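Keep in mind that this is a model prediction, so the values were computed, not measured.
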Amino acid sequence: MIWIFLGAPGAGKGTQAERLQGDFGFVQISTGELLREAMRAGTELGKTVQGYVTRGELVPDDLVAAVLQERLAQGNTGNGVILDGFPRTVRQAEILEEILQKHCWQLCGVLYLEASEEVVQERLGGRRNCPQCGANYHVVTMPPKVDGRCDRCGAELVIRPDDTPDAIRNRLEVYHRQTEPLVAFYQQRGVLERVDASGDVDEVYRSVKEAVSRRWRQCLADG
Ligand code: AP5
């Protein structure tokens, strides 16, 4: 079973997907994190995508789809996969449909996390990221236990290179132009669940769990 988390940068896709995987046995696959891992490791892929990611532009469709397919081919997909940040264009959504058909996988639901521009800007502005394990924090809403250090691995937290004011502006603009059309795309297919993502992490998570449970029942009924 495949789940998609859709929403603006900073809507909380990564935060909610991480919680959900613990409770439901799903596996979160974040294309952004796969690209950042490649950048950290200095691989050819990492060097190719660095400029796009840092400027807040989308990596070309075929390239990011190949990265996703490589990850899916490794297995370890638990009770289902949460795609966090893929697809981001209509072309990517079409590629995903081909992948699902080929493997006889079912798209169970698309959770659309909705939050205002003001809310997402505040979240991205305060985010701190672990360069070693990828964990995310927020200086106000989700601070680490020890100031500036990752709870999981102890590494020094950093500001993501695409969390600068210019890159944030660009990412939001790119999101409205290239990703938002997916809302209508998935609404037409009857799999879209709107989730109000403006509350605190626990409030949003309650709504996410309700939406997942509803869609899951529907999915099982559809076979
Ligand atoms: P990616 O890593 O996917 O970034 P994004 O979509 O911009 O999403 P973010 O990670 O910024 O936000 P989020 O919604 O996950 O929020 P989070 O939970 O972290 O992609 C990065 C780049 O990679 C792209 O710009 C592109 O270049 C490339 N890329 C990736 N996928 C691609 C694709 N498919 N095609 C092409 N290019 C691709 O939360 C944000 C902050 O808010 C955190 O600090 C968190 O602690 C806090 N927070 C979260 N929820 C709450 C809450 N409810 N209340 C208070 N604080 C909260």
* Test Ile4 against every option in Val191, Val81, Leu192, Leu96 by the side chain to side chain contact (heavy atoms under 4.5 Å, CB included) rule and name the one that passes. => Leu96
* To do: Going by the side chain to side chain contact (heavy atoms under 4.5 Å, CB included) test, name the single residue among Thr77, Leu83, Ile29 that passes it with Ile2.
  =>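 Between Ile2 and the candidates, side chain to side chain contact (heavy atoms under 4.5 Å, CB included) is satisfied uniquely by Leu83.
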Gap between atom [atom2] of [Y] and atom [atom1] of [X] - 0.5 Å precision:
| X | Y | atom1 | atom2 | answer |
| --- | --- | --- | --- | --- |
| Glu156 | Gln132 | CD | CD | 11.0 Å |
| Leu124 | Asp162 | CG | CG | 8.5 Å |
| Ser207 | Gln16 | OG | CD | 8.5 Å |
| Ile168 | Thr164 | CD1 | OG1 | 6.5 Å |
| Phe24 | Ser213 | CZ | OG | 4.0 Å |
| Leu6 | Leu111 | CG | CG | 9.5 Å |

Are more than 12 heavy atoms from other residues, nucleotides or ligands located less than 6.0 Å from atom [atom1] of [X]?
| X | atom1 | answer |
| --- | --- | --- |
| Gln74 | CD | yes |
| Gln69 | CD | yes |
| Tyr52 | OH | no |
| Glu98 | CD | yes |
| Glu180 | CD | yes |
| Asp147 | CG | no |

Do [X] and [Y] have side-chain heavy atoms sitting under 4.5 Å apart?
| X | Y | result |
| --- | --- | --- |
| Arg194 | Val183 | yes |
| Thr179 | Thr89 | no |
| Tyr137 | Cys150 | yes |
| Arg71 | Leu34 | yes |

* Out of Arg91, Gln92, Arg88, which residue meets the side chain to side chain donor-acceptor pair (under 3.5 Å) rule with Asp61? ->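 Between Asp61 and the candidates, side chain to side chain donor-acceptor pair (under 3.5 Å) is satisfied uniquely by Gln92.
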* Run through Thr15, Asp23, Asp200 and flag the one making a side chain to side chain donor-acceptor pair (under 3.5 Å) with Tyr205. => Asp23
Is there a donor-acceptor contact under 3.5 Å from the side chain of [X] to the main chain of [Y]?
| X | Y | value |
| --- | --- | --- |
| Gln218 | Gly109 | no |
| Arg128 | Val158 | no |
| His138 | Glu122 | yes |
| Arg123 | Ala11 | yes |

* Side chains of Ser198 and Asp196: do they bring a donor and an acceptor to under 3.5 Å? ->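 Result is yes, a qualifying pair exists.
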* To do: Would you kindly say whether Glu117 and His176 are connected by a side-chain donor-acceptor distance under 3.5 Å?
  => yes
* Ion pair present between Glu173 and Arg169, side-chain N to carboxylate O less than 4.0 angstrom? ->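 Here Glu173 does not pair with Arg169 in a salt bridge, since their nearest N and O are not under 4.0 Å apart.
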* Lys/Arg-Asp/Glu bridge criterion (N-O < 4.0 Å) met for Glu33, Arg36 -> yes
Considering all heavy atoms of both residues, which atom of [X] and which atom of [Y] are nearest to each other, and what is their separation?
| X | Y | result |
| --- | --- | --- |
| Ala115 | Val120 | CB-CG1, 4.0 Å |
| Leu45 | Ala38 | CD2-CB, 3.7 Å |
| Ala211 | Glu193 | CB-OE1, 3.8 Å |

Is [Y] reachable from [X] through a run of I, L, V, M, F, W or Y residues, each pair having side-chain heavy atoms under 4.5 Å apart?
| X | Y | result |
| --- | --- | --- |
| Val59 | Leu182 | yes |
| Val201 | Leu157 | no |
| Leu172 | Ile159 | no |
| Phe86 | Val110 | yes |
| Leu100 | Phe185 | yes |

* Check the angle between the aromatic planes of Trp3 and Trp216 and answer parallel, tilted or perpendicular using the 30° and 60° thresholds. =>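 The rings of Trp3 and Trp216 stand perpendicular, inter-plane angle above 60°.
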* Asked: Honestly, is Arg171 close enough over Tyr175, meaning NZ or CZ under 6.0 Å from the six-membered ring centre and within 45° of the axis?
  -> no
* To do: Would you please name every residue forming a salt bridge (Lys or Arg N to Asp or Glu O under 4.0 Å) with Arg55, sequence neighbours left out?
  => Glu57
